[in-house]
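Shown next, in C-alpha coordinates, is the structure this report addresses.
In listed order, ligands and their atoms are each counted from 1.
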Amino acid sequence: MAKSKFEYVRLFEVDDRCLPNTWIVVRVDGKGFHKFSTEHGYEKPNDIKALSLMNRAATSVMEEFKDICLAYGQSDEYSFVFRKETQAYSRRSAKLSTNVCSLFTSAFVYYWKEYFPTIKPRYPPVFDGRTVLYPSNQNIRDYLSWRQADCHINNLYNTTFWALILKGGLTPTEAENKLKGTLSGDKNEILFSQFAINYNTEPEMLRKGTVLVRRKVPVALPNGGTREKSQIVQEHVDIIGDEFWNTNTHLLTFT
Ligand code: GTP
Ligand code: MG
(Lines give C-alpha, C1' and ligand atoms only; values in the text may rest on other atoms or scores of the structure.)
(Ligands and ions follow the chains in the order given, each with its own letter.)
Protein backbone atom coordinates (compact mmCIF):
# COMPACT_ATOMS: atom_id res chain seq x y z
CA MET A 1 0.00 0.00 0.00
CA ALA A 2 1.33 3.43 -0.91
CA LYS A 3 2.39 5.47 2.04
CA SER A 4 1.10 9.01 2.47
CA LYS A 5 3.57 11.85 2.69
CA PHE A 6 2.52 12.19 6.33
CA GLU A 7 3.76 8.74 7.26
CA TYR A 8 7.12 10.05 8.48
CA VAL A 9 5.53 11.42 11.67
CA ARG A 10 5.56 7.87 13.05
CA LEU A 11 9.27 8.38 13.59
CA PHE A 12 8.43 10.82 16.35
CA GLU A 13 7.07 7.93 18.45
CA VAL A 14 9.96 6.81 20.60
CA ASP A 15 10.66 3.22 21.57
CA ASP A 16 9.86 2.88 25.28
CA ARG A 17 10.37 -0.86 25.69
CA CYS A 18 11.44 -1.89 29.20
CA LEU A 19 14.84 -3.53 29.62
CA PRO A 20 14.74 -7.31 29.30
CA ASN A 21 15.05 -9.50 32.39
CA THR A 22 13.89 -6.87 34.87
CA TRP A 23 10.88 -6.80 37.13
CA ILE A 24 8.20 -4.46 35.81
CA VAL A 25 5.94 -2.77 38.32
CA VAL A 26 2.93 -0.71 37.33
CA ARG A 27 1.59 1.34 40.23
CA VAL A 28 -1.74 3.14 40.09
CA ASP A 29 -2.69 5.81 42.62
CA GLY A 30 -5.97 7.66 43.12
CA LYS A 31 -5.81 11.33 42.09
CA GLY A 32 -6.92 13.62 44.89
CA PHE A 33 -8.41 10.79 46.95
CA HIS A 34 -8.24 12.93 50.05
CA LYS A 35 -11.11 14.88 48.48
CA PHE A 36 -12.71 11.88 46.73
CA SER A 37 -12.91 9.92 50.00
CA THR A 38 -14.47 12.87 51.84
CA GLU A 39 -16.98 13.63 49.07
CA HIS A 40 -18.12 10.00 49.00
CA GLY A 41 -18.39 9.58 52.75
CA TYR A 42 -15.54 7.09 53.21
CA GLU A 43 -15.34 5.97 56.82
CA LYS A 44 -12.35 7.30 58.74
CA PRO A 45 -9.64 6.26 59.01
CA ASN A 46 -10.43 3.18 56.90
CA ASP A 47 -13.40 2.30 54.78
CA ILE A 48 -13.61 -1.47 54.32
CA LYS A 49 -16.00 -1.09 51.37
CA ALA A 50 -13.63 1.28 49.58
CA LEU A 51 -10.62 -0.96 50.17
CA SER A 52 -12.63 -3.99 49.02
CA LEU A 53 -13.59 -2.13 45.84
CA MET A 54 -9.89 -1.42 45.23
CA ASN A 55 -9.21 -5.16 45.69
CA ARG A 56 -12.01 -6.01 43.23
CA ALA A 57 -10.68 -3.62 40.60
CA ALA A 58 -7.16 -5.03 41.03
CA THR A 59 -8.50 -8.57 40.64
CA SER A 60 -9.99 -7.53 37.26
CA VAL A 61 -6.55 -6.33 36.20
CA MET A 62 -4.94 -9.63 37.22
CA GLU A 63 -7.66 -11.62 35.45
CA GLU A 64 -6.87 -9.77 32.24
CA PHE A 65 -3.07 -9.66 32.49
CA LYS A 66 -1.95 -13.22 33.16
CA ASP A 67 1.70 -12.16 33.42
CA ILE A 68 1.05 -10.25 36.64
CA CYS A 69 2.28 -12.65 39.30
CA LEU A 70 1.54 -10.51 42.35
CA ALA A 71 -0.28 -7.30 43.23
CA TYR A 72 -0.12 -5.29 46.43
CA GLY A 73 -2.64 -2.63 47.46
CA GLN A 74 -3.23 -0.23 50.32
CA SER A 75 -5.12 3.06 50.70
CA ASP A 76 -5.75 4.48 47.20
CA GLU A 77 -2.88 2.67 45.46
CA TYR A 78 -2.14 -0.70 43.85
CA SER A 79 1.15 -2.10 42.55
CA PHE A 80 1.16 -4.79 39.87
CA VAL A 81 4.27 -6.93 39.44
CA PHE A 82 4.80 -8.46 36.00
CA ARG A 83 6.91 -11.60 35.59
CA LYS A 84 10.51 -10.69 34.79
CA GLU A 85 10.30 -12.32 31.40
CA THR A 86 6.90 -11.00 30.35
CA GLN A 87 6.49 -10.12 26.69
CA ALA A 88 3.15 -8.37 27.22
CA TYR A 89 2.88 -5.46 24.75
CA SER A 90 6.51 -6.17 23.82
CA ARG A 91 7.31 -4.70 27.27
CA ARG A 92 6.34 -1.23 26.05
CA SER A 93 6.23 0.95 29.14
CA ALA A 94 3.37 3.28 28.23
CA LYS A 95 1.25 0.45 26.80
CA LEU A 96 1.60 -1.42 30.11
CA SER A 97 0.89 1.50 32.42
CA THR A 98 -1.99 2.93 30.39
CA ASN A 99 -3.73 -0.42 29.90
CA VAL A 100 -3.41 -1.38 33.56
CA CYS A 101 -4.46 2.05 34.76
CA SER A 102 -7.39 2.28 32.36
CA LEU A 103 -8.72 -1.18 33.25
CA PHE A 104 -8.25 -0.52 36.97
CA THR A 105 -10.18 2.75 36.74
CA SER A 106 -13.02 1.36 34.64
CA ALA A 107 -13.33 -1.69 36.94
CA PHE A 108 -13.42 0.66 39.95
CA VAL A 109 -16.40 2.45 38.40
CA TYR A 110 -17.96 -0.77 37.01
CA TYR A 111 -18.08 -2.41 40.46
CA TRP A 112 -18.78 0.78 42.44
CA LYS A 113 -22.50 -0.04 42.88
CA GLU A 114 -21.73 -3.40 44.46
CA TYR A 115 -19.81 -1.71 47.26
CA PHE A 116 -21.64 1.62 47.52
CA PRO A 117 -25.23 0.74 46.55
CA THR A 118 -26.72 3.93 47.98
CA ILE A 119 -24.07 6.45 46.92
CA LYS A 120 -23.90 7.69 43.33
CA PRO A 121 -20.39 8.71 42.22
CA ARG A 122 -20.35 12.50 42.39
CA TYR A 123 -17.70 12.74 39.69
CA PRO A 124 -15.49 10.33 37.74
CA PRO A 125 -12.56 9.01 39.81
CA VAL A 126 -9.09 9.33 38.29
CA PHE A 127 -6.00 7.16 38.86
CA ASP A 128 -2.50 7.91 37.66
CA GLY A 129 -0.20 5.10 36.53
CA ARG A 130 3.54 4.63 36.18
CA THR A 131 5.92 1.89 35.16
CA VAL A 132 9.05 1.30 37.23
CA LEU A 133 11.78 -1.32 36.66
CA TYR A 134 13.59 -3.27 39.36
CA PRO A 135 16.62 -5.32 38.28
CA SER A 136 17.18 -7.67 41.22
CA ASN A 137 15.03 -9.86 43.45
CA GLN A 138 16.25 -7.80 46.39
CA ASN A 139 15.10 -4.60 44.64
CA ILE A 140 11.60 -5.92 43.99
CA ARG A 141 11.31 -7.21 47.55
CA ASP A 142 12.51 -3.86 48.88
CA TYR A 143 9.99 -2.06 46.67
CA LEU A 144 7.12 -4.12 48.08
CA SER A 145 8.50 -3.73 51.61
CA TRP A 146 8.55 0.03 51.08
CA ARG A 147 4.86 0.06 50.16
CA GLN A 148 3.88 -2.22 53.08
CA ALA A 149 5.95 -0.16 55.54
CA ASP A 150 4.14 2.93 54.20
CA CYS A 151 0.82 1.18 54.86
CA HIS A 152 1.85 0.40 58.43
CA ILE A 153 3.15 3.89 59.24
CA ASN A 154 0.11 5.67 57.74
CA ASN A 155 -2.41 3.29 59.25
CA LEU A 156 -0.99 3.51 62.77
CA TYR A 157 -0.92 7.30 62.50
CA ASN A 158 -4.44 7.54 61.03
CA THR A 159 -5.91 5.08 63.54
CA THR A 160 -4.50 7.10 66.44
CA PHE A 161 -5.34 10.46 64.85
CA TRP A 162 -9.00 9.55 64.31
CA ALA A 163 -9.34 7.86 67.71
CA LEU A 164 -8.21 11.13 69.31
CA ILE A 165 -10.83 13.03 67.31
CA LEU A 166 -13.79 10.66 67.16
CA LYS A 167 -13.39 9.07 70.61
CA GLY A 168 -11.22 11.59 72.43
CA GLY A 169 -13.08 14.71 71.33
CA LEU A 170 -9.95 16.52 70.12
CA THR A 171 -10.00 18.86 67.13
CA PRO A 172 -7.87 17.82 64.12
CA THR A 173 -5.27 20.46 65.05
CA GLU A 174 -5.13 19.25 68.66
CA ALA A 175 -4.76 15.64 67.51
CA GLU A 176 -2.02 16.63 65.07
CA ASN A 177 -0.12 18.48 67.81
CA LYS A 178 -0.48 15.55 70.21
CA LEU A 179 1.04 13.17 67.65
CA LYS A 180 3.87 15.47 66.62
CA GLY A 181 7.21 13.75 67.26
CA THR A 182 5.67 10.53 68.60
CA LEU A 183 7.18 7.14 67.78
CA SER A 184 5.16 4.05 66.94
CA GLY A 185 5.41 2.82 70.56
CA ASP A 186 3.86 6.10 71.76
CA LYS A 187 0.95 5.74 69.36
CA ASN A 188 0.35 2.13 70.43
CA GLU A 189 0.35 3.34 74.02
CA ILE A 190 -2.15 6.17 73.35
CA LEU A 191 -4.46 3.71 71.58
CA PHE A 192 -4.22 1.17 74.37
CA SER A 193 -4.32 3.37 77.46
CA GLN A 194 -6.84 5.98 76.27
CA PHE A 195 -9.10 3.97 73.97
CA ALA A 196 -8.53 0.30 74.96
CA ILE A 197 -7.50 -0.43 71.36
CA ASN A 198 -4.82 -3.07 70.89
CA TYR A 199 -3.40 -2.06 67.52
CA ASN A 200 -2.12 -5.58 66.87
CA THR A 201 -5.66 -6.92 66.86
CA GLU A 202 -6.93 -4.39 64.30
CA PRO A 203 -8.01 -6.11 61.03
CA GLU A 204 -5.02 -7.39 59.05
CA MET A 205 -6.31 -5.87 55.80
CA LEU A 206 -5.88 -2.44 57.38
CA ARG A 207 -2.51 -3.08 59.04
CA LYS A 208 -0.88 -5.02 56.22
CA GLY A 209 -2.76 -4.11 53.04
CA THR A 210 -3.74 -6.74 50.48
CA VAL A 211 -1.60 -9.14 48.48
CA LEU A 212 -3.16 -10.73 45.40
CA VAL A 213 -1.58 -13.96 44.16
CA ARG A 214 -2.68 -16.92 42.06
CA ARG A 215 -3.23 -20.14 43.99
CA LYS A 216 -4.51 -23.54 43.04
CA VAL A 217 -7.74 -24.05 44.94
CA PRO A 218 -10.06 -27.06 44.86
CA VAL A 219 -13.36 -26.41 43.05
CA ALA A 220 -16.40 -28.68 43.22
CA LEU A 221 -17.31 -30.65 40.10
CA PRO A 222 -20.94 -31.41 39.13
CA ASN A 223 -20.33 -35.15 39.68
CA GLY A 224 -19.34 -34.52 43.28
CA GLY A 225 -15.55 -34.62 42.93
CA THR A 226 -13.14 -31.69 43.02
CA ARG A 227 -10.39 -30.42 40.76
CA GLU A 228 -7.65 -27.87 41.24
CA LYS A 229 -8.16 -24.50 39.61
CA SER A 230 -5.91 -21.46 39.59
CA GLN A 231 -7.64 -18.56 41.29
CA ILE A 232 -6.67 -15.07 42.35
CA VAL A 233 -6.78 -14.93 46.13
CA GLN A 234 -6.47 -12.07 48.61
CA GLU A 235 -4.05 -12.37 51.51
CA HIS A 236 -3.32 -9.85 54.24
CA VAL A 237 0.12 -11.01 55.26
CA ASP A 238 3.57 -9.67 55.98
CA ILE A 239 5.66 -9.42 52.80
CA ILE A 240 8.62 -7.66 54.41
CA GLY A 241 10.06 -10.67 56.25
CA ASP A 242 11.39 -13.86 54.64
CA GLU A 243 8.51 -16.17 55.51
CA PHE A 244 6.19 -15.15 52.65
CA TRP A 245 9.00 -15.46 50.09
CA ASN A 246 10.28 -18.77 51.48
CA THR A 247 6.82 -20.29 51.15
CA ASN A 248 6.26 -18.72 47.71
CA THR A 249 9.62 -19.36 46.05
CA HIS A 250 7.93 -19.67 42.63
CA LEU A 251 7.18 -15.92 42.63
CA LEU A 252 10.83 -14.89 42.39
CA THR A 253 12.04 -17.82 40.30
CA PHE A 254 12.83 -17.16 36.67
CA THR A 255 10.86 -19.72 34.64
P1 GTP B 1 -2.55 12.53 45.01
O2 GTP B 1 -2.37 11.04 45.03
O3 GTP B 1 -1.23 13.24 45.05
O4 GTP B 1 -3.42 13.00 43.90
O5 GTP B 1 -3.29 12.95 46.39
P6 GTP B 1 -4.28 12.11 47.32
O7 GTP B 1 -5.25 13.07 47.91
O8 GTP B 1 -4.86 10.94 46.59
O9 GTP B 1 -3.32 11.61 48.49
P10 GTP B 1 -2.50 10.25 48.69
O11 GTP B 1 -2.54 9.38 47.47
O12 GTP B 1 -1.16 10.60 49.23
O13 GTP B 1 -3.27 9.57 49.90
C14 GTP B 1 -4.49 8.90 49.73
C15 GTP B 1 -5.58 9.59 50.51
O16 GTP B 1 -6.80 8.92 50.24
C17 GTP B 1 -5.41 9.52 52.01
O18 GTP B 1 -4.65 10.55 52.52
C19 GTP B 1 -6.84 9.59 52.52
O20 GTP B 1 -7.23 10.95 52.62
C21 GTP B 1 -7.63 8.96 51.37
N22 GTP B 1 -8.06 7.58 51.69
C23 GTP B 1 -7.56 6.42 51.17
N24 GTP B 1 -8.20 5.35 51.72
C25 GTP B 1 -9.09 5.84 52.59
C26 GTP B 1 -10.05 5.24 53.48
O27 GTP B 1 -10.22 4.01 53.55
N28 GTP B 1 -10.81 6.08 54.24
C29 GTP B 1 -10.66 7.43 54.18
N30 GTP B 1 -11.42 8.20 54.96
N31 GTP B 1 -9.79 8.03 53.37
C32 GTP B 1 -9.00 7.25 52.58
MG1 MG C 1 -3.63 9.40 45.75
Side-chain angles (χ1 to χ4, degrees), residues 25-61 71-80 97-98 100-109 111-132 143-168 170-180 182 184 187 191 195 197 199 201-212 234-236:
V25 172
V26 174
R27 181 168 80 249
V28 300
D29 185 293
K31 175 178 184 285
F33 260 50
H34 185 68
K35 173 170 174 244
F36 186 87
S37 57
T38 307
E39 293 251 349
H40 293 84
Y42 279 21
E43 281 170 36
K44 293 175 188 307
N46 290 297
D47 191 305
I48 301 281
K49 304 180 301 305
L51 295 170
S52 304
L53 173 57
M54 292 287 290
N55 295 340
R56 183 65 195 85
T59 302
S60 291
V61 172
Y72 174 73
Q74 54 117 349
S75 184
D76 69 338
E77 68 168 61
Y78 240 101
S79 297
F80 298 92
S97 57
T98 55
V100 165
C101 190
S102 172
L103 176 54
F104 186 91
T105 309
S106 68
F108 186 92
V109 175
Y111 290 109
W112 173 270
K113 253 203 321 265
E114 289 184 18
Y115 296 85
F116 293 94
T118 59
I119 301 174
K120 215 171 148 338
R122 291 168 63 91
Y123 56 87
V126 178
F127 289 84
D128 71 30
R130 71 194 72 185
T131 301
V132 189
Y143 169 75
L144 292 165
S145 298
W146 174 49
R147 298 325 303 144
Q148 190 165 54
D150 187 82
C151 173
H152 168 73
I153 293 164
N154 289 337
N155 192 57
L156 178 59
Y157 182 93
N158 291 337
T159 304
T160 319
F161 180 79
W162 284 105
L164 287 167
I165 295 168
L166 300 175
K167 297 184 174 152
L170 267 57
T171 66
T173 312
E174 285 167 344
E176 202 180 321
N177 286 335
K178 183 157 175 107
L179 292 179
K180 219 170 253 169
T182 55
S184 67
K187 294 184 195 75
L191 283 174
F195 306 110
I197 295 172
Y199 184 73
T201 59
E202 288 286 288
E204 296 224 290
M205 178 161 87
L206 312 183
R207 286 188 293 124
K208 297 199 159 61
T210 300
V211 183
L212 298 183
Q234 297 181 18
E235 298 178 357
H236 313 291

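Nearest approach of S52 to I48, heavy atoms of both residues: OG-O, 2.7 Å.
Every atom of ligand 1 is numbered from 1 in the order shown, and the set under 4.0 Å from a heavy atom of D29 is 2 (O), 11 (O). Every atom of ligand 1 with a heavy atom of E43 under 4.0 Å away is listed here by number and element: 28 (N), 29 (C), 30 (N). With ligand atoms numbered from 1 in the order given, ligand 1 contributes 26 (C), 27 (O), 28 (N), 29 (C) to contacts under 4.0 Å with heavy atoms of P45. Close contacts of ligand 1 with K31, meaning ligand atoms under 4.0 Å from a residue heavy atom, involve 4 (O).
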Review point. So Y115 and F108, ring-ring contact (aromatic ring centres under 6.0 Å, His included) or not? Walk me through it.
Key: CA-CA 10 Å; Y115 296 85; F108 186 92; 9.2 Å; no

Check your understanding: Between R147 and Y72, does a side-chain hydrogen bond (donor to acceptor under 3.5 Å, both in side chains) hold up when you go through it step by step?
Key -> CA-CA 8 Å; R147 298 325 303 144; Y72 174 73; over 6 Å; no

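For the atom pair CZ (F161) and NZ (K178), the distance works out to 13.5 Å, reported to the nearest 0.5 Å.
Assignment of A50 to the shell around ligand 1 is not supported, since no heavy atom sits closer than 4.0 Å.
When rounded to 10 degrees, the angle formed at the Mg ion (ligand 2) by OD1 (D29) and O (G30) equals 80°.
The closest approach of D76 to the Mg ion (ligand 2), by N/O/S atoms, is made by OD2.
Scanning the protein heavy atoms around atom 5 (O) of ligand 1, the nearest turns out to be G32 N, 3.7 Å.
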